[in-house]
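A short worksheet on the structure shown next.
Since the structure is predicted, the reported quantities are computational estimates derived from the model, not experimental observations.
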Amino acid sequence: MTIEKELLEANIKNHGVNAELVVAMEECAELIQAISKVIRYGASEEKYIDHLSEEMADVTIVLDELGMIFNNICDIAVWRKRKLERLEDNKHE
């Protein structure tokens, strides 16, 4: 088991599943706000890009936790592959 996986499992155990689900929702909302600020104020402002990067990191962490909670990491990989194939198909339209 990797250190990262151990950290995420400990976090889920310490806070509980429901709390981590709420955190996931909050982090997604914060990412939406960060994207909105980049759209509103532009990507030339480094502070908005830094904030966007931070929120993207937070969301990737909670996505990993969600995969662990629902034991569907393999399902996510399958869905990701399907979505990427769809993007590839749409590229030629």
Side-chain angles (χ1 to χ4, degrees):
M1 182 180 303
T2 66
I3 292 173
E4 182 177 301
K5 186 173 180 185
E6 288 177 13
L7 283 170
L8 296 178
E9 285 181 349
N11 192 49
I12 294 165
K13 184 178 179 184
N14 289 339
H15 296 111
V17 169
N18 285 340
E20 289 307 310
L21 294 176
V22 170
V23 168
M25 291 186 302
E26 291 170 348
E27 293 300 345
C28 289
E30 290 174 11
L31 177 59
I32 290 167
Q33 288 178 329
I35 293 168
S36 177
K37 287 188 178 176
V38 168
I39 291 169
R40 186 178 320 142
Y41 301 115
S44 61
E45 289 276 345
E46 187 175 335
K47 67 180 178 180
Y48 298 118
I49 298 302
D50 283 346
H51 186 235
L52 176 64
S53 298
E54 178 184 359
E55 296 308 333
M56 289 171 64
D58 289 343
V59 169
T60 61
I61 290 168
V62 296
L63 288 176
D64 288 343
E65 288 183 336
L66 290 175
M68 294 168 77
I69 289 168
F70 295 107
N71 198 25
N72 66 349
I73 292 171
C74 293
D75 293 341
I76 294 167
V78 169
W79 277 105
R80 180 179 167 84
K81 184 175 185 270
R82 287 180 190 164
K83 301 283 184 169
L84 289 171
E85 287 169 352
R86 190 177 307 152
L87 285 174
E88 179 66 26
D89 292 343
N90 290 339
K91 183 175 84 172
H92 301 294
E93 291 179 4

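- Under the 4.5 Å side-chain heavy-atom criterion for grouping Ile, Leu, Val, Met, Phe, Trp and Tyr, V38 is connected to M56 within one hydrophobic cluster.
- In this structure, CE in M68 is found 13.0 Å from CG in L63, a value given to the nearest 0.5 Å.
- A continuous path of Ile, Leu, Val, Met, Phe, Trp and Tyr side chains, each step under 4.5 Å between heavy atoms, connects I39 with Y41, placing both in one hydrophobic cluster.
- The salt bridge (Lys or Arg N to Asp or Glu O under 4.0 Å) contacts involving residues 37-58 comprise nothing, where partners must be two or more places apart or lie in separate chains.
- Between atom CD of residue E26 and atom CD of residue E20 there is a gap of 10.0 Å, rounded to the nearest 0.5 Å.
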As a quick check of understanding, evaluate side chain to side chain contact (heavy atoms under 4.5 Å, CB included) for V23 and H15, giving each step before the final call.
CA-CA 10 Å; V23 168; H15 296 111; over 6 Å; no

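- The stretch residues 55-84 participates, sequence neighbours left out, in no ring pair (Phe, Tyr, Trp, His ring centres under 6.0 Å) pair at all.
- Side-chain contact between L21 and V17: present, with at least one pair of heavy atoms (C-beta onward) separated by less than 4.5 Å.
- Sorted by first and then second residue, the salt bridge (Lys or Arg N to Asp or Glu O under 4.0 Å) pairs involving residues 75-88 (not counting sequence neighbours) are K81-E85, E88-K91.
- Using a 4.5 Å cut-off between side-chain heavy atoms of Ile, Leu, Val, Met, Phe, Trp and Tyr, with links allowed through other members, V62 and I69 fall into different hydrophobic clusters.
- Within the 4.5 Å cutoff, the side chain of L87 has heavy atoms near those of the L84 side chain.
- Atom-to-atom distance recorded for E4:CD and D64:CG is 6.0 Å, nearest 0.5 angstrom.
- In this structure, A24 and L66 approach most closely via the heavy-atom pair CB-CD1, 4.1 Å.
- The main-chain N or O of I32 is never found under 3.5 Å from a side-chain atom of S36 such that the two would form a donor-acceptor pair.
- Here CG of N14 is found 10.5 Å from CG of L7. Values are rounded to the nearest 0.5 Å.
- Counting non-hydrogen atoms of other residues, nucleotides and ligands closer than 6.0 Å to CD1 of I3 gives a total of 12 or fewer.
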